[in-house]
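In what follows, a single structure is set out as structure tokens and then discussed.
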Amino acid sequence: MDETDRRIVNALQDGFPVCEHAFAQAAAGLGLAKEDLIQRIARMLEAGELTRFGPMYNADRMGGAFTLCAMAVPADDFERVAAIVNAYPEVAHNYEREHSLNMWFVLAAAKPGRIAEVVRDIERRAGWTVLQFPKLDEYFVELKFAL
Amino acid sequence: MSDSLDQRIVRATQAGLPLVPEPYRKVAEDLGVTQQDVLQCINRMVEDGRIRRIGAVPNHYAIGYVANGMSVWDVDDAQVTALGRAVGALNCVSHCYRRPRHPPEWPYNLFAMVHGRDRAEVVAGVAQVAALLGNASRGHDVLYSKRILKKTGLRFG
């Protein structure tokens, strides 16, 4: 990433226009040609420096159900349980964390009832309790990474 | 086609906007509708909060923010909203939520994800949260990430 790439990412974390000539407008604000802006975004996506470019949908308002879950899994059973958990398409992210609750994953399902089903299923197959931490309120969700 | 235009647009753009000079025209052409239909629909989803924002999402690992710690705090339920907003406004905090306690092993009700370029930056960020909460925090813990076991984007529709 060069200085121009950083400028692009900093500017476009805040928003991309919703209008007919969107790239021309965004490029003008950055003092770039639209072709250059498009090429640079394509390169950063390709290189994995950007995970995505486009609308960020708010999961809560799309009609799905989500919950954060945690399990305390003994070290000698960890890999077996991780494989069980990761195999569910409903598991979006799964992190190992340094704590007695050492496995933290997010369940996402189109229907609320499906979350409870997957939780019961994981508990039965893994043999360990799943604690659920559904979001009760959200205070801030935004990327604020200055580059 | 029983799907609404909203749902079709979500499905067409959830992986990203087309990288062409007029991306919304391309989406409209792919869906067989007018560009105005797409622009109106996206503006409506921005207004009602279904779209948080439109833009570039940096991969925080690729840009050097490789450390993160999930800081969790036990604060009074009567104060959690005001405190959560203040914590969420800190630059080092990327996500801040109220979540249920699971006593006795889990007394924490406020979750704040702290990112940094290394462990020391995360520690400094947690110290900022602690300073902000002061006596309002009755206890806290920090769960550092050790390994990503799975990471796929959420998919809708």
Side-chain angles (χ1 to χ4, degrees), chain A residues 1 8-9 12-16 18-24 34 38 41-42 44-45 47-59 61-62 64 68 82 85-86 91-99 101 103-105 108 131 133-145 147, chain B residues 10 13-17 19-25 35 39 42-43 45-46 48-60 62-63 65 70 80-81 84-85 87-89 91 93-100 102 106 115 141 143-154 156-157:
Chain A
M1 281 177 102
I8 290 169
V9 176
L12 296 188
Q13 280 189 83
D14 284 341
F16 182 75
V18 183
C19 64
E20 290 186 21
H21 302 280
F23 275 105
K34 64 175 187 281
I38 290 171
I41 291 173
M44 288 189 277
L45 283 166
E49 292 157 5
L50 294 179
T51 54
R52 54 194 313 279
F53 176 77
M56 296 292 297
Y57 289 99
N58 183 343
R61 304 208 182 152
M62 302 307 292
L68 176 67
V85 169
N86 287 353
V91 174
H93 313 120
N94 189 6
Y95 276 78
E96 182 178 6
R97 293 194 178 276
E98 297 171 15
H99 192 269
L101 287 169
M103 191 183 292
W104 289 78
F105 52 94
L131 290 183
F133 297 89
K135 177 166 66 181
L136 302 177
D137 204 351
E138 170 182 304
Y139 305 114
F140 201 86
V141 184
E142 190 54 80
L143 290 166
K144 291 171 282 190
F145 297 118
L147 300 187
Chain B
V10 170
T13 59
Q14 63 188 351
L17 280 176
L19 297 178
V20 297
E22 297 177 57
Y24 304 108
R25 178 182 302 283
Q35 177 167 224
L39 293 173
I42 288 184
N43 275 321
M45 288 195 278
V46 170
D48 68 22
R50 277 177 288 169
I51 295 177
R52 290 182 192 280
R53 66 199 169 85
I54 302 172
V57 182
N59 174 346
H60 54 256
I63 62 176
Y65 285 79
M70 186 172 74
V80 68
T81 301
R85 285 183 184 145
V87 170
N91 267 324
V93 174
S94 67
H95 303 71
C96 190
Y97 302 110
R98 180 183 181 188
R99 297 187 186 276
H102 289 279
W106 192 266
H115 289 271
D141 202 347
L143 285 71
Y144 291 100
S145 61
K146 193 167 169 190
R147 187 161 47 127
I148 298 174
L149 302 167
K150 182 177 184 182
K151 193 171 178 82
T152 53
L154 297 177
F156 313 104

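Keep in mind it's a predicted model, so treat the numbers as computed, not measured. Chain naming here is simple, since letters A, B, ... match the order of the sequence lines and numbering starts at 1 in each.
For the atom pair NE2 of A/H99 and CH2 of B/W106, the computed distance is 5.0 Å after rounding to the nearest 0.5 Å. Separation of atoms CD1 (B/I51) and CG (A/N58) is listed at 10.5 Å; rounding is to 0.5 Å. Atoms CD and CZ, from A/E138 and B/R98 in turn, are 14.0 Å apart once rounded to the nearest 0.5 Å. In this structure, B/Y144 OH and A/R97 CZ are separated by 11.0 Å, a value rounded to the nearest 0.5 Å. The distance from the CG atom of A/L68 to the NE2 atom of B/H95 is 11.0 Å, given to the nearest 0.5 Å. A distance of 10.5 Å separates CD1 in B/I148 from CG in A/N94, rounded to the nearest 0.5 Å.
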List the steps, then state whether side chain to side chain contact (heavy atoms under 4.5 Å, CB included) holds for B/Y97 with A/D137. CA-CA 6 Å; B/Y97 302 110; A/D137 204 351; over 6 Å; no
Walk me through whether A/Y139 and B/T81 qualify under side chain to side chain contact (heavy atoms under 4.5 Å, CB included). CA-CA 8 Å; A/Y139 305 114; B/T81 301; 4.1 Å; yes
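Only the side chain of A/M103 comes within less than 4.5 Å of a heavy atom of chain B; its backbone N, CA, C and O stay farther away. Looking at B/Q35, only its side chain comes within 4.5 Å of chain A, counting heavy atoms on both sides. Contacts between B/V80 and chain A at a heavy-atom distance below 4.5 Å involve backbone atoms as well as side-chain atoms. Looking at B/R85, both its backbone and its side chain come within 4.5 Å of chain A, counting heavy atoms on both sides. Only the side chain of B/D141 has a heavy atom closer than 4.5 Å to any heavy atom of chain A. In this structure, the portion of B/M45 lying under 4.5 Å from any heavy atom of chain A is its side chain and not its backbone.
The heavy-atom pair separating A/P55 from B/L17 by the smallest distance is CD-CG, 4.0 Å. Scanning both residues, A/R52 and B/G16, for their nearest heavy atoms gives NH2-N, 3.6 Å. Between B/L19 and A/F53, the shortest heavy-atom distance links the atoms CD2-CD2, 3.8 Å. In terms of heavy atoms, A/C19 sits closest to B/Y24 at O-CD1, 3.2 Å.
Residues B/V57 and A/M56 have side chains in contact (heavy-atom distance under 4.5 Å, counting atoms from C-beta outward). Within the 4.5 Å cutoff, side-chain heavy atoms of A/V18 are placed close to those of B/I54.
Taking the six-membered ring where the residue is Trp, the centroids of B/H102 and A/F133 are separated by under 6.0 Å.
A donor-acceptor distance shorter than 3.5 angstrom exists from the side chain of B/R53 to the backbone of A/Q13, with no hydrogens or angles considered. Of the possible donor and acceptor atoms, one in the side chain of B/K150 sits under 3.5 Å from a partner among the backbone N and O of A/V91. Without hydrogens or angle criteria, A/T51 side chain to B/N59 main chain gives no donor-acceptor distance under 3.5 Å.
For B/T13, the side-chain hydrogen bond (donor to acceptor under 3.5 Å, both in side chains) test picks out A/Y57, with sequence neighbours left out. Partners of B/R147 under the side chain to side chain contact (heavy atoms under 4.5 Å, CB included) rule, at least two apart in sequence or in another chain, are A/F78, A/E79, A/E96, B/L149.
With chain A as partner, the option from B/S145, B/P100, B/G84 having the largest number of non-hydrogen pairs under 4.5 angstrom is B/P100.
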